[in-house]
Amino acid sequence: MAADVRKRGSQAAKREVASDGNQAEGSAGDAVGARRGSAASSCSRLFPTLLMLLAVPIAGMGYRYYQGVQLLQRHKSLSPLRRNSQVWPTSLGLSQVPPLSPRYDRPSPLPLGMSSPVEFEEDLVEDPNGETLTVEASMQPLQMETMTKSKDGFLGVTHSSLSGLRSWRSPAVPSSVFSASQFKAFLPPKNKLDVGDPWWIIPSELNIFTGYLPNNRYQPPAPRGKEVIIHSLLSMFHPRPFIKSRFGPQGAVACIRAASDYYYDIVFRIHAEFQLNDIPNYPFWFTPGQFTGSIVVSRDASHVREFHLYVPSDRSLNVDMEWLYGASESSNMEVDIGYLPQMELKATGPSVPTFIHDEHGNVIDSRVGGADGDPVQFVFEEIQWKSEISREEAARRLEVTFYPFKKVSYLPFPKAFDRAQAERKLVHSILLWGALDDQSCSGRTLRETVLESSPVLALLNHSFISSWSLVKELEDLQADPRNPALSRLAALHLEKYNFPVEMILALPNGTVVHHINANYFLDQTAMKPEEEEHTTFSFSGGFEDPSTSTYIQFLQEGLEKAKDYLGS
């Protein structure tokens, strides 16, 4: 099988790069980040933009035309790539580019900068006489030491590449006043009024046929409809939020967590990203793992009791970063991961009317108050919920909406082995390089073609205990002397790991009975049926999709190898 551009370099080189003391982050990211970037950029299909030149009217040529020419000269590296073109990090000293797997050759029929037509609802109209609430933004910048390429000059990273990231130290808008009616976008449609029933606030427009959105953009498209309020909220962090992310998952999903006669408690999850650089620097994409939050709002959106939006920070890595650099068509996309301690929006209190009438009919500005000059104090009744689910359950339902393969329960690494021991089952583990590795080509394709398949889900639910972990997390467990049993389990997994994703089948005692790398798996299932005789796996099994058949065979082979333990 041909060499794969996504595969990890030599272990010795990897550990040498990590020797600056960045613990496991360097070992997992430095030697492979640029490779992952190559695969990611090859997934994004860009096509020629000659129409853009034809659209420049002769009367408008002048400064704007001159500026466009200068930008084109400055960013030749951002020009559209040929359909089968590839980029490779020259800083790694590699002279030849191995071919990508056919699995990654995703079609994108749209010209650069265009998207498929979408029917938007009418823009939501703000009620000028309605209630208002104040939202405050809090932020702690990315911890640069958690990046594997944070030092100037390392792997070709220049100061200008990270200029937007380094200068982003605080929210762009620390505080903003919104109309309560603007939050009508979060209300459920009429057919989604049951507690726990998810709906799309912003539907995803990405699928296996439309490809992925281009990387070489600076300004987000104008938001429409329900996008407007989310764009306004995220703009408090940075002036250039992209509500439609380049890769999946894309969009925003919500569900009712609790309902009363007058209120909804709605939880939501948003996938969006920011463009941190501006001309003349090259684009730098900052993609948090997710934005999550909740809103307590009246059923007619006239009153907002609570609002909270934040980037979860409970994992060791929670941000993906990708940037372009270079001065020719062979420019590379570098990739890194890092940790963001805080990015949060919170309403200072319930929404209140700006103007009210006293008992005499006089209009009073609630911010100024009456004759005594004191602001008006409002008292709010306690909400009695008639039906509700836990926040954890609501979050799980949103996650399954974005990732149908998570209909299988994925337990934390230690709990998975405890459960497997109790139920005498194998552990089915997915081991990932980074926090957002499900956005890599391997992760996305694995989900789209395999883990969302009903036959695979059925077999996993019946015969396995499933778990997924980050390499960094298992390396921390391995190095922890306080729990030698857990350290051994982590070490047995790491022995079998290869970048970017490894699927592992293990006994409850940690012994690995079978494993397969996502790249190898995808290469095998991308082969034509007539090439099957040269592969390890067979496409037989009664399923039209070779990915489904092959993954089921992988699971069944694991069961066969463990039959002595399983007693059957």
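These numbers come from the heavy atoms of this one structure, side chains and all, not from hydrogens, waters or symmetry mates. The structure displayed is predicted, hence computed values, not measured ones.
- Gln250 places a side-chain N or O within 3.5 Å of a backbone atom of Glu205 that can act as its donor or acceptor partner.
- Between Glu475 and Lys472 there is no salt bridge, since no side-chain N of the basic residue sits under 4.0 Å from a carboxylate O of the acidic one.
- A distance-only check finds a donor-acceptor pair linking the side chain of Tyr497 to the backbone of Pro500 [under 3.5 Å].
- In plain terms, the two heavy atoms of Pro198 and Val253 that are nearest each other are CB-CG1, 4.0 Å.
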Check: Taking it one step at a time, do Gln556 and Leu459 satisfy side chain to side chain contact (heavy atoms under 4.5 Å, CB included)?
Finding: CA-CA 9 Å; Gln556 290 175 338; Leu459 183 55; 4.3 Å; yes

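- Checking side-chain atoms of Arg240 against main-chain N and O of Gln275 turns up a donor-acceptor pair under 3.5 Å.
- Residues Ser487 and Asp480 have side chains not in contact (no heavy-atom distance under 4.5 Å, counting atoms from C-beta outward).
- Closest approach of Ala562 to Leu507, counting heavy atoms only: CB-CD2, 3.8 Å.
- In this structure, CG in Leu276 is found 10.0 Å from CG in Leu162, a value given to the nearest 0.5 Å.
- Contact record, Ala490 with Leu477: CB-CB, 4.0 Å, taken as the closest heavy-atom pair.
- Between the CG atom in Leu340 and the CZ atom in Phe286 there is a gap of 4.5 Å [rounded to 0.5 Å].
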Notebook entry, point to check: Does the side-chain hydrogen bond (donor to acceptor under 3.5 Å, both in side chains) test come out yes or no for His514 and Glu557, once each step is laid out?
Noted result: CA-CA 8 Å; His514 204 15; Glu557 287 178 355; 2.9 Å; yes

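- In this structure, Phe521 has its ring center closer than 6.0 angstrom to the ring center of Tyr551.
- Minimum heavy-atom separation, Ser163 to Asn277: OG-OD1, 3.7 Å.
- Ring centroid separation for the pair Phe291 and His271 does not come in under the 6.0 Å cut-off.
- Considering Asn519, Leu432, Asn517, Ile516 as possible partners of Val501, the one that fulfils the side-chain contact (heavy atoms from CB on, under 4.5 Å) test is Leu432.
- Ion pairing between a basic and an acidic side chain is recognised when a charged N comes within 4.0 Å of a carboxylate O; Arg315 and Glu473 show such pairing.
- Side chains of Trp323 and Pro283 form no contact here, defined as non-hydrogen atoms less than 4.5 Å apart.
- No donor-acceptor pair closer than 3.5 Å links the side chain of Asn281 to the backbone N or O of Ser161.
- A donor-acceptor distance shorter than 3.5 angstrom exists from the side chain of Arg257 to the backbone of Ile389, with no hydrogens or angles considered.
- Separation of the Trp468 and Phe413 ring centroids does not fall under the 6.0 Å cut-off.
- For the residue pair Ser467 and His428, no side-chain donor N or O sits within less than 3.5 Å of a side-chain acceptor on the partner.
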Notebook entry, point to check: So Val513 and Leu426, side chain to side chain contact (heavy atoms under 4.5 Å, CB included) or not? Walk me through it.
Noted result: CA-CA 9 Å; Val513 298; Leu426 293 183; 4.3 Å; yes

Next item on the list: Could you go through the side chain to side chain contact (heavy atoms under 4.5 Å, CB included) check for Asn215 and Arg246 one step at a time?
Entry: CA-CA 7 Å; Asn215 296 301; Arg246 293 161 299 142; 2.5 Å; yes

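- Residues Pro312 and Asn318 form no side-chain contact, since every pair of their non-hydrogen atoms from C-beta on lies 4.5 Å or further apart.
- Two residues are said to be in side-chain contact when any heavy atoms from C-beta on lie closer than 4.5 Å; Arg419 and Leu411 meet this criterion.
- Distance check, rounded to the nearest 0.5 Å: OG1 of Thr550 to CG of Leu555 gives 11.0 Å.
- When side chains are defined from C-beta on, Glu334 does not count as touching Glu322, because their heavy atoms never get closer than 4.5 Å.
- Side chain of Ser167 to main chain of Gly164: a donor-acceptor pair is present (N/O by atom type, distance under 3.5 Å, no hydrogens or angles).
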Next item on the list: Test Ser138 against Gln342 for side chain to side chain contact (heavy atoms under 4.5 Å, CB included), laying out the working first.
Entry: CA-CA 7 Å; Ser138 302; Gln342 183 187 34; 3.6 Å; yes

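- Of the possible donor and acceptor atoms, one in the side chain of Thr146 sits under 3.5 Å from a partner among the backbone N and O of Tyr339.
- Between the side chain of Ser429 and the backbone N or O of Ser466 there is no donor-acceptor pair closer than 3.5 Å.
- Without hydrogens or angle criteria, Ser245 side chain to Ala272 main chain gives no donor-acceptor distance under 3.5 Å.
- Counting heavy atoms from C-beta on, the side chains of Leu494 and Gln478 come closer than 4.5 Å.
- Smallest separation of non-hydrogen atoms from Ser409 and Asn461: N-OD1, 4.4 Å.
- Identified under the salt bridge (Lys or Arg N to Asp or Glu O under 4.0 Å) test for residues 493-507, with sequence neighbours left out: none.
- Contact annotation: the side chain of Ser294 approaches that of Arg391 to within less than 4.5 Å [non-hydrogen atoms, C-beta and beyond].
- Smallest separation of non-hydrogen atoms from Asn509 and Arg488: O-NH1, 2.7 Å.
- Ring centroids of Phe247 and Trp285 are separated by 6.0 Å or more, keeping the two rings apart.
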Next item on the list: Report the C-alpha separation of Phe554 and His515 in whole Å, then their side-chain angles, then the decisive distance to 0.1 Å, and conclude whether the ring pair (Phe, Tyr, Trp, His ring centres under 6.0 Å) test is met.
Entry: CA-CA 8 Å; Phe554 162 67; His515 66 100; 8.6 Å; no

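- Side-chain contact annotation: Glu344 with His308, donor-acceptor N/O pair under 3.5 Å present.
- Contact check on Glu393 versus Arg396 returns a salt bridge, with a Lys/Arg side-chain nitrogen under 4.0 Å from an Asp/Glu carboxylate oxygen.
- Under a 3.5 Å cut-off, the side chain of Arg424 and the backbone N or O of Gln421 do not form any donor-acceptor pair.
- Within the 4.5 Å cutoff, the side chain of Lys346 has no heavy atoms near those of the Leu309 side chain.
- Summarising the local packing, CZ of Arg397 is surrounded by more than 12 heavy atoms from other residues, nucleotides or ligands at distances under 6.0 Å.
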Next item on the list: Just do the ring pair (Phe, Tyr, Trp, His ring centres under 6.0 Å) check on Phe284 and Trp168 with the steps written out, would you?
Entry: CA-CA 12 Å; Phe284 185 108; Trp168 190 25; 9.6 Å; no

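- The CG atom of Leu505 lies 14.0 Å from the NZ atom of Lys425; values are rounded to the nearest 0.5 Å.
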